[in-house]
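Reckoned from all heavy atoms, side chains included, excluding hydrogens, waters and symmetry mates. Computed from a predicted structure; not experimentally measured.
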Amino acid sequence: MLAPGSGNVSLRTVSSSRPQMIHTEDQQSVAASDDYYSFSSQSSSARSRTSGSRVNVVRYATPNSRPASHPPSPSISRTHLAPPVAGARSQPSIDSSSDNRIFLTPASQTIRSVEDREVHLNPMSHTTSSRAPADSYAGRPPTPGMDDSPYIHFAISQLTRDEEVAGPRRRSSIVSRDSPAEPLLWDDGLGCFIRSHGPSSPPDIRHQQNSPISARRSPQKSVDPESFIPVDPPEESLLYPALDYVPPVLRTWALAALTICCLLMIAGIIFCNVWSPRHQGLWDYERQGGAHYFVMQFLPQILGMVITIWTFVVQAAVYRIMPFAIMASERPYDRILQRLPVTSRNFILPDFSHFRHGEPLVGFSLLSMWLSNFISLPLLSCLFQAKWYEIDGQGTWRWASVLAVGWTLVAVYGLTTVGLILLMLRFFRTWSGLMWDPVSLADLISVIQRSNILHDFEQSETLPHVEDSLEPRLLRLGYWQLSNRGEFFYGFGEADAPIRTPSLHHLEKNLQMQSHGLSKVSVDLERQGMAEKGEYHENLYTPSVRYRWIPWFLKDTSVIAWTVIICALFVAFVLASFIHDAIRGGFPPRLPTLPSTGGFSSSNFCYSFVPALIGNVFFLAWQPIDVFFRASQPFASLSSPDGARAEESLLLAYPSHLPFQVTILAVANKHYKVAWISFMSTASAAIPILAGGVFIALNYPSEHAIKIAASMPAFYAMVVFCALYTVSFLCIWPRRQRYLPHDISTLADLISFLYQSPLLADKILREPRSKADLVTRLVVAPPGDREHSVYGFGIYVGRDGKEHLGIDRLDRPGRTDMLINTEYTR
């Protein structure tokens, strides 16, 4: 065996599907070949050799002598080469056992010497087998068009191996202690490692010269046999679906439909602006209220609100898939996980994060949507005004288009149309890197299961800002192979980097049962004693860390402030409206009312635009509250003392659903707070719609005055919606279950609660190939279990055998339940 000691040497695996030949010795030979020699685990002399020359080669188990009817198995397992220790000496041992059985060391790999430059193909395996596998080359007839010389060389080698064993001209495979160890280099031409006799170049330079991957990727310090290598899977394969999924709302037909709506809005406004001055208005003004009044004062806002809510759905889809799409495109941006949000923003203030991450098309599209959502609805509320026209010597009031407002709206919706077209081009036949829409925690688990960057998140779940602890890395999303060997797998990671997967060897012995009334996590006592001295372990159990974070607008002081302000405004609004019939009887405009030639009236514009703008701010201010409650509901369900089933937690996808769809699903799941808040996020749109059309300047002939009058039915409806909006602020006070150690707006924030979870190694979650497959595995009870699995958010024993805060099964066979702290939950 190899003694550990001087450095790591990693070897690439020999493919079992490709025959290879090497010079081999009999198990009972007394010497080794030029490049390797065999061992027998039954040899006692090998155990006593602990000193002597330093070993510079890898022992290779020679094949057994067996009849031709029993070819050796070509199956090969990935192994790591144990480094030799300076001063350790090993000699080839003689196996005199009667069965000639081979016992392999972990370093059973092939290393070619520079002196022997011939390429020998070996169909033999590391281990012997009594039966031939399906892909064995032994016994097959020659294939037309294929070179059979490797098989002939192999047969000659087997016939003449006795001469090689007895030949005195063989160079010893053991280097003396005085001889310097020759460095091992990977030769792509030979497909194996070689020994260089000359001075070696730096590792990074050697790798760059010899590896074809280094031409497009940064060189690495080693060629680990289990490093992540990007691959393209076979096309049209059911096992490896194409990674081009785009949510329906971002597909060409959906974006084209929204674009057509914007174009129709532009066309309608242009028609009104052109028709109105040429034909002395658009429509006769009949009275306050009625069909004409509704069409001119409320219908434009309603149509604009439909476009606004539609853009909210589009924005939500853009935010949740853009980090994955950027990683799939292999853009040179190294902070995608920790900087780019996956939850919607861009409501009251614009979001420029996509500009900073190399997505100008998406950034411009979101900016144009923000401008439209913020300003278009107030402008639509004052697009039409009543104007006095002299027609055939007789005066009459007619609805006219306000030209300045109309052309401004054309520019705003024109920018929105351009943004939608650019977004359409961005996602037209795009390589998104996704199999399906990543809308839930379960979807994220399926993506990060085999990632090689999870070690970066060590102890990040208790930090206030996860991004501060992460190193910048260039990540890729797609299919991978381990050093171009083995099956393909899906996920994101760092290319040409080692696996760094946490070991599962010590998991079971660390998960022991302890029952002391309350559920406690059982860990190794020595490790726990050491961990208790550290700040990280203390943070796991500290309520101030566990319940540290909530969005600033939902903190106790903020909720109290919002509630007081909104209630005060509502009370003042009601009192000012109904005392002395101030609204019913009208009030002076205090501004010029006479319209200009372009239809602009200062008083009408002020009492339409300003109320609609205030109402629109209230509407947009509610959207971040709705987004947070939707996104945090899985954590609130998991923080329950009894945990939650997968369909109530891991599979929840409220942020991706349509507005009223969320309300219905939340009521069905008994998430009443989410249902109400989601309902109000849409219902509050009535406030700017009504506020923009309720007031109008009218002439009161009996009083010989012009006053601002209100449509009382619309005004009463607006008061009702304002009351609902005010009362809803009493419902947004989050319970402690929604408080978390840190933000959950980025992928890094979410991964910090999963990076050590045993769910990543759970068999029922292993590499699903479709959304239906994933849902079925989580919803259907596992074989042998009578009940469905229950999941929780608390302290659990991770895959490294240490305590962590995050998401896992509430109970697992052979260990105690997860510790969920409910003392501070209210």
Find out whether Ile807 and Leu650 are in side-chain contact, i.e. whether some heavy atom of one side chain is under 4.5 Å from a heavy atom of the other.
yes
With sequence neighbours left out, what residues match Phe793 under ring-ring contact (aromatic ring centres under 6.0 Å, His included)?
Phe635, Phe753
Glu648 meets the salt bridge (charged side-chain N to carboxylate O under 4.0 Å, His left out) criterion, sequence neighbours left out, with none
Please list all pairs meeting salt bridge (Lys or Arg N to Asp or Glu O under 4.0 Å) that have one or both residues in residues 348-358, counting only residues at least two apart or in different chains.
none
Side chains of Tyr536 and Glu458 only: does a donor on one sit below 3.5 Å from an acceptor on the other?
no
Salt bridge (charged side-chain N to carboxylate O under 4.0 Å, His left out) filter on Asp773, not counting sequence neighbours, yields Arg777
Ring centres under 6.0 angstrom apart (Phe488, Tyr479):
no
Using the salt bridge (Lys or Arg N to Asp or Glu O under 4.0 Å) rule, collect all pairs that involve residues 460-473, keeping only residues at least two apart or in two chains.
Arg339-Glu467, Asp456-Arg473, Glu471-Arg473, Arg473-Glu494
Salt bridge (charged side-chain N to carboxylate O under 4.0 Å, His left out) with Lys771: which residues, sequence neighbours excluded?
Asp443
Do the side-chain N and O atoms of Thr746 and Arg335 include a donor-acceptor pair separated by under 3.5 angstrom?
no
Looking at residues at least two apart in the chain, or sitting in another chain, which of them share a ring-ring contact (aromatic ring centres under 6.0 Å, His included) with Phe312?
Phe347, Phe619
Could I get the full list of side chain to side chain contact (heavy atoms under 4.5 Å, CB included) partners for Val727, not counting sequence neighbours?
none
Exactly one of Phe618, Trp622, Trp676 clears ring pair (Phe, Tyr, Trp, His ring centres under 6.0 Å) with Phe729, and that residue is Trp622
Set of residues satisfying side chain to side chain contact (heavy atoms under 4.5 Å, CB included) with respect to Thr343, sequence neighbours excluded
Val627, Ala631, Ser745
Any side-chain donor near an acceptor of the partner, Gln315 and Arg345, under 3.5 Å
no
Does the side chain of His804 come under 3.5 Å of the side chain of Asp808 through a donor N or O and an acceptor N or O?
no
Kindly list each side-chain donor-acceptor pair under 3.5 angstrom involving residues 558-567, sequence neighbours excluded, with atom names and distances?
{"residue": "Ser558", "atom": "OG", "partner": "Trp552", "partner atom": "O", "Å": "2.6"}
{"residue": "Trp562", "atom": "NE1", "partner": "Phe553", "partner atom": "O", "Å": "3.2"}
{"residue": "Thr563", "atom": "OG1", "partner": "Val559", "partner atom": "O", "Å": "2.7"}

Sorted by chain and residue number, the salt bridge (charged side-chain N to carboxylate O under 4.0 Å, His left out) partners of Arg320 (sequence neighbours excluded) come out as Asp437
Just jot down the ring-ring contact (aromatic ring centres under 6.0 Å, His included) partners of Trp310, sequence neighbours excluded, or say none.
none
